[in-house]
Amino acid sequence: MIFMCKPCTSGSNMVSITLLKFFILLALLQSLMVHGQPYQPNWQSIDSRPLPGWYDDAKFGIFMHWGVYSVPSYGSEWFWQYWASNVPSYVNFMKQNYRPDFTYADFAEQFQAELFNASRFAEIVEASGARYYVLTTKHHEGYTLWPSRYSWNWNAMDVGPKRDLVGEMATAIRKLTTKVHFGLYHSLFAWYHPLYLQDEANDFTTRLYPEQISTPMLHELVENYHPDIVWSDGFEKTTGPEYWNSTGFLAWLYNSSPVKDVVVVNDRWGEGTVCHHGGYYTCHDRYNPGTLQNHKWENAMTVDRGSWGYRRNVQLANYLSAEQLIASLAKTVSCGGNMLLNVGPTHDGRIIPIFEERLRQIGSWLKVNGEAIYGSCPWRAQNDTKSLDIWYTSQKNGTTVEAVYAIILAWPANNHIFLGAPMSTKMTTVAMVGVEPPLNWEAGPKGVGVNVTMPTLNPVQMPCQWAWVLKLLNIK
Ligand SMILES: *[C@@H]1O[C@H](CO)[C@@H](O)[C@H](O)[C@H]1NC(C)=O
Ligand SMILES: *[C@@H]1O[C@H](CO)[C@@H](O)[C@H](O)[C@H]1NC(C)=O
Ligand SMILES: *[C@@H]1O[C@H](CO)[C@@H](O)[C@H](O)[C@H]1NC(C)=O
Ligand SMILES: *[C@@H]1O[C@H](CO)[C@@H](O)[C@H](O)[C@H]1NC(C)=O
Ligand SMILES: *[C@@H]1O[C@H](CO)[C@@H](O)[C@H](O)[C@H]1NC(C)=O
């Protein structure tokens, strides 16, 4: 599969990509002639679709896990499953706080979202500097945040908020002045849906659930909300993509859906597809390999390192700091990934102030240093040869490297930072992004590396906190 960082393709790749493109074009023409549709319902054809370029440029997105689990907001979004499988802390929580015959479904009444203001959520997303947004429309509990025809009495219009939460977010995100792409998460399976359980009991030789529920739901979501991302999930305990008819859905999505030209999907389309098929790869939660990957990938991670859904039984130390989040973004982008950062709203429709603060902190950092992130390409080195606290990105025009960025995660104690990877030339200049005058530097031993004198700045003069970016021009 081609690494679709279009303006970033290096010279040596160009030839093979041109050749590849030729063969893909040939294959496409062939299939068009045979079937009248460019993409066929098989992985070879689905995987040949180039990833729309906006996704690689965007680099940073915000994810929100919101559902009935936000009501107990205890443990994690897997509350129902853990309680049902008798995990002691969950059983005790229910015993101590709820009447004996209380069921998980009873929580839905209390999912009121009474303080929810979609414009406020959207403004926080925009302030984070994110260029895309993904909302869980249906998690493994099966409850849908939109009035689905296929989830009778288990959706946000029939029970709980009595509102179309997906529709409200879609409208609010699209009203922003910054272009933030709107994406939808959808879990293929539902733990306790009777039809799913029936198929499971039949060893998935029947396909009642995908035929009557999950496939129609996916079509309903795409047709009603026109998402730029379909973020599929639910591979944990399910069966292969044949049961879900994932390639059938994707062929429709790519050939004839209202979002066929812009939509991006991930890789969670049934057992065996993760890290192998679909659009970009998510591999596993919090995937951040630390080395350059040859296929576009995403690091889906959380501010609360222990849960995707909002949980009240959390310790401050469980929340990642601004330093940690920006370090994660730098490492991810340097290695060719995008970072999708999750915060879980509360059942009453708030983003708690500490999550909001984290998102605004990242946004303030990106406001200064965005040129090292948005639309950037991996450079020839990712981490520095001397330090894991330095991650590189670059801006290219075609195959020409126009600027190299060294993202410095720790201010050096002696005010000198030695960059081991770059080779200086007579024309080299070094500057700190957000600081006017260029910096002094000298070539390292035998011309290898660049030893940069950091600027002397008092706290008020600092362009940003948490990490600093050096912009290098005319280096090798
Ligand atoms: C929702 O939030 C927006 C943006 O903060 C604000 O302008 C608007 O007045 C709010 N709407 C309501 C009903 O509170
Ligand atoms: C799979 O999806 C395709 C496209 O929607 C459809 O034509 C085909 O009949 C489906 N296959 C099964 C087995 O449902
Ligand atoms: C940085 O990455 C290189 C591979 O590019 C690796 O060999 C090296 O060990 C890494 N440096 C550190 C300090 O881990
Ligand atoms: C990219 O390079 C081309 C050819 O050298 C030049 O015409 C164009 O202006 C450059 N684009 C930018 C954005 O610098
Ligand atoms: C960088 O330069 C400073 C000041 O000349 C020097 O003290 C330091 O040892 C140099 N670092 C390296 C790695 O050469």
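In this chain, numbering begins with 1 at the start of the sequence shown. Keep in mind it's a predicted model, so treat the numbers as computed, not measured. Just so you know, these numbers use all the heavy atoms, side chains as well, and skip hydrogens, waters and symmetry mates. Just follow the structure's listing: the first ligand is 1, and inside any ligand the first atom is 1.
- Every residue meeting the side chain to side chain contact (heavy atoms under 4.5 Å, CB included) condition with Pro161, not counting sequence neighbours, appears here in chain and number order: Phe111, Ala113, Tyr143, Ala156, Arg163, Leu165.
- The ligand atoms of ligand 1 that sit less than 4.0 angstrom from a heavy atom of Arg120 are 5 (O).
- With hydrogens and angles ignored, the 3.5 Å screen pairs a side-chain donor or acceptor of Glu77 with a backbone N or O of Trp308.
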Could you go through ligand 5 and note, for every N or O atom, any protein N or O atom closer than 3.5 angstrom, writing the atom names and distance to 0.1 Å, or 'none'?
| unit_1 | atom_1 | unit_2 | atom_2 | d |
| --- | --- | --- | --- | --- |
| ligand 5 | 2 (O) | Asn451 | ND2 | 2.3 |
| ligand 5 | 11 (N) | Asn451 | ND2 | 2.9 |
| ligand 5 | 14 (O) | Asn451 | ND2 | 3.4 |

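- Looking at heavy atoms from C-beta onward, Val259 lies out of side-chain contact with Val230 at the 4.5 angstrom threshold.
- At a 3.5 angstrom cut-off on N or O pairs, Asn117 counts as close to ligand 1.
- Listed by number with element, the atoms of ligand 1 under 4.0 angstrom from any heavy atom of Glu123 are 4 (C), 5 (O).
- Ion pairing of Arg120 with Glu356 is present here, as a side-chain N (NZ or NE/NH1/NH2) and a carboxylate O approach within less than 4.0 Å.
- For the 3.5 Å distance criterion, the side chains of Gln465 and Ser364 fail to qualify, holding no donor opposite an acceptor.
- Ring geometry, Phe182 versus Tyr133: the interplanar angle falls under 30°, so the pair is classed parallel (tilted spans 30 to 60°).
- Between Lys296 and Asp56, at least one side-chain nitrogen of the basic residue sits less than 4.0 Å from a carboxylate oxygen of the acidic one, meeting the salt-bridge criterion.
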